[in-house]
J.: 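Have a look at the structure that comes next, please.
Letters A, B, ... are given to chains in the order of the sequence lines, protein chains preceding strands, and every chain is numbered from 1.
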Number of protein chains: 2
Amino acid sequence: MTKIQGARERARGEITTAIKDEARRQLAAHGAAKLSLRAVARELGMVSSALYRYFPNRDDLLTALITDSYDALGAAAEAALAHSAEQGDAHLARWQAVCRAVRGWALDHPHEYALIYGSPVPGYAAPETTTGPAARAALTLITIAADAYAAGALRVPGATEDRCAGPGAGFPAASAGPGPDPSVPLPAAPAPVLVDTRDLTERLDVALPAAAMAQLAAVWAQLFGLLSFELFGQFDGVIAARDEFFDHAVVGLARTAGLV
Amino acid sequence: MTKIQGARERARGEITTAIKDEARRQLAAHGAAKLSLRAVARELGMVSSALYRYFPNRDDLLTALITDSYDALGAAAEAALAHSAEQGDAHLARWQAVCRAVRGWALDHPHEYALIYGSPVPGYAAPETTTGPAARAALTLITIAADAYAAGALRVPGATEDRCAGPGAGFPAASAGPGPDPSVPLPAAPAPVLVDTRDLTERLDVALPAAAMAQLAAVWAQLFGLLSFELFGQFDGVIAARDEFFDHAVVGLARTAGLV
DNA sequence: ACTAAAACAAGAGCAGTGCTCTCGTTCTTG
DNA sequence: CAAGAACGAGAGCACTGCTCTTGTTTTAGT
């Protein structure tokens with residue numbers, strides 16, 4: 001009972017990737033909304049109906065492209081983190097490296113970025129299978145924060161006694177000056193949010209206080225606000241120095257995340 | 001030579017708004033990508049070709065909807081600011097009111113939000129006419145920051161000597177504690193960014209340092225990262241307490257903007 | 001008040017789309 | 001080797017955005 005199902009399955013795999021490749025090409029050329037099954041089939045030298053043997057409908061082809069995009073973004077983020085970590089970069093430098101990698105991938109694949117972080121296609125709802133790859137990129141920043149927390153280099157909101165509540169060496173508490181210094185004791189997220197983020201830390205199995213995870217969730221979303229504004233033309237005629245603007249904003253995000 | 005061009009022009013205006021209303025209805029029902037000129041015409045009891053007398057093509061109808069959406073969002077933000085200001089709210093409270101109003105509008109009109117802040121339609125480029133209404137909502141937060149700056153209640157990045165460089169009463173400088181307190185002297189944006197934002201302050205005619213405007217631009221984009229994540233389903237299964245999460249993130253944004 | 005010109009609604013038509021069904025053919029497997 | 005599944009090809013349906021033509025209505029100039 002050799003499970004080697006030979007030429008047919010192999011051909012099916014090849015044709016499936018060929019379809020996705022051509023679809024990605026059309027995506028980059030004409031955008032997601034104009035992605036046409038017929039055009040993909042025409043370009044591949046097959047008839048449109050034959051394509052339905054591989055993808056039951058257009059939305060399923062889009063789903064495949066979406067999961068692939070999430071995976072590609074996650075891989076880029078993980079590669080950046082690995083490279084930065086093996087160079088012995090500090091936490092902030094790793095954070096910047098990952099953010100730059102995410103932006104780099106987005107700039108290189110604007111249509112795929114729009115596919116996963118832009119407006120969802122109308123009737124289409126992303127299936128459960130996309131949540132895993134979607135979390136992959138976010139997990140890189142989360143692990144950086146968790147590493148910083150373990151090293152005692154993460155400011156955790158709401159921690160008043162010991163501002164740096166990591167299990168490692170304590171962070172020296174700054175004696176408050178005479179004036180109001182609103183930035184020192186960061187306000188913690190309200191309780192319902194902490195419930196959500198505590199659940200999140202357990203599901204992701206990361207050693208991080210719920211308050212820190214709440215900051216990370218907000219920062220993660222805000223990062224894509226920057227990217228979407230840049231990619232969707234909202235900064236046109238407003239910000240010209242895109243690289244510098246992004247880098248500066250990223251250290252601000254690191255600050256709100258509690259990173260040094 | 002009375003310029004009263006009577007019934008015809010009036011009818012044209014009425015039909016134009018009727019078309020846009022029906023298009024908005026279809027937008028909310030089936031999404032932007034499925035907006036069909038034929039369906040709009042059918043619902044209005046006219047033939048599809050007659051619609052082209054009012055909008056030369058589908059994209060121009062979309063453009064009209066986009067400008068209307070920007071205007072509606074801007075009006076909502078301005079109304080919230082006016083209402084908050086006449087109640088004598090502090091700067092932070094006004095900031096929260098405007099952000100809540102923006103989110104409220106977005107939640108009430110998700111498809112219109114996706115139209116203006118989601119992925120752009122493929123071949124379509126927003127014309128110049130959209131930049132004005134697009135800036136309207138942003139201007140409300142900018143004026144709040146400018147008011148705070150005038151009142152000496154805005155932390156300006158890079159201002160080391162007098163941390164609060166407003167023309168009003170000085171902000172008491174906190175004596176730095178023994179430990180590193182990274183949050184007190186906020187790093188200013190790099191020079192090329194400041195060039196952009198200085199130009200922006202001049203064009204918008206607001207009395208605000210370039211460094212503060214750079215923070216505002218980043219914060220403005222980040223605000224829509226939060227909204228897009230919520231509206232586009234990126235928070236599904238992650239954050240359940242949406243209101244509290246948003247409110248908490250908004251005060252964080254106010255902090256990075258320098259608001260108290 | 002009459003006429004030329006502009007604006008208009010309607011219909012037919014074109015090229016394209018997603019998707020379904022049927023028809024032979026080819027490959028896999030018991 | 002034969003039953004059955006998978007496959008490519010084609011026709012066809014209902015729909016789309018858009019163009020062109022036709023005849024009617026309203027406006028504007030004399």
J.: Kindly calculate the angle separating the two end axes of the helix from dA1(C)-dT30(D) to dG30(C)-dC1(D), each obtained from five base pairs, and round it to 10 degrees.
T.: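 The end axes of the helix from dA1(C)-dT30(D) to dG30(C)-dC1(D) are about 10° apart, to the nearest 10°.
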J.: Whole Å only: how far is the CZ atom of R10(A) from the C1' atom of dC7(D)?
T.: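 From R10(A) CZ to dC7(D) C1': 16 Å.
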J.: When you check the gap from the basic side-chain N to the acidic O, do R25(A) and E22(A) get nearer than 4.0 Å?
T.: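 So R25(A) pairs with E22(A) through a salt bridge.
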J.: Distance check needed: dC19(C) P versus Y54(A) OH, whole Å only.
T.: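 Atom OH in Y54(A) sits about 18 Å away from atom P in dC19(C).
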J.: Please tell me which of the listed nucleotides, dA10(C), dG8(D), dT20(C), lies nearest to the side chain of S49(B)?
T.: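 Closest nucleotide among those given: dA10(C).
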J.: Under 4.0 Å from OP1 or OP2 of dC8(C): is there any side-chain N or O of R12(B) that close?
T.: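 True: R12(B) side-chain N/O within range (under 4.0 Å) of dC8(C) OP1/OP2.
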J.: Rounded to the nearest Å, what distance is computed from the CG atom of residue L51(A) to the P atom of nucleotide dA6(D)?
T.: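 Checked: the CG to P distance equals 17 Å.
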J.: Output the rounded distance in Å from CG (L62(B)) to C1' (dC18(D)).
T.: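 That distance rounds to 15 Å.
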J.: Applying side chain to side chain contact (heavy atoms under 4.5 Å, CB included) between T201(A) and each of I142(A), L216(A), V206(A), report the one that passes.
T.: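 Result for side chain to side chain contact (heavy atoms under 4.5 Å, CB included) with T201(A): V206(A).
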J.: Heavy-atom contacts under 4.0 Å between residues 41-48 of chain B and DNA chain C, which residues?
T.: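 Result for residues 41-48 of chain B: M46(B), V47(B), sorted by number.
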J.: To the nearest 0.5 angstrom, please state how far the CZ atom of R103(B) sits from the CG atom of D243(B).
T.: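 Here the rounded value is 4.5 Å.
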J.: Both R53(A) and R38(A) contact DNA chain C. Which one's nearest nucleotide lies toward the 5' end?
T.: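 Looking at DNA chain C, the more 5' nearest nucleotide goes with R38(A).
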J.: Considering the options L141(A), L253(A), V219(A), which one meets the side chain to side chain contact (heavy atoms under 4.5 Å, CB included) requirement together with C99(A)?
T.: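 Only one option passes, and that is L141(A).
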J.: Taking CD1 from I15(A) and C1' from dG8(D), how many angstroms apart are they, rounded to a whole number?
T.: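 So the CD1-C1' distance, I15(A) to dG8(D), works out to 10 Å.
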J.: Hey, what's the ring geometry for F235(B) with F229(B), parallel, tilted or perpendicular (30° and 60° as the breaks)?
T.: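 Rings of F235(B) and F229(B): perpendicular, as their planes differ by over 60°.
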J.: Take the angle between the ring planes of W220(A) and F224(A) and call it parallel below 30°, perpendicular above 60°, tilted in between.
T.: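 The rings of W220(A) and F224(A) stand perpendicular, inter-plane angle above 60°.
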J.: Starting at CD of E14(A) and ending at P of dA6(D), how long is that distance when rounded to a whole Å?
T.: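 Atom-to-atom, E14(A) to dA6(D), this comes out as 19 Å.
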J.: Side chain of Y52(B): nearest nucleotide among dC18(D), dA9(C), dG18(C)?
T.: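 That would be dC18(D).
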J.: Is R10(A) paired with E14(A) through a side-chain N to carboxylate O contact shorter than 4.0 Å?
T.: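 Salt bridge: yes.
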J.: Testing the 3.5 Å rule here: is there a donor-acceptor pair between the side chains of Y113(B) and S228(B)?
T.: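 A pair is found: one side chain offers a donor N or O, the other an acceptor, under 3.5 Å apart.
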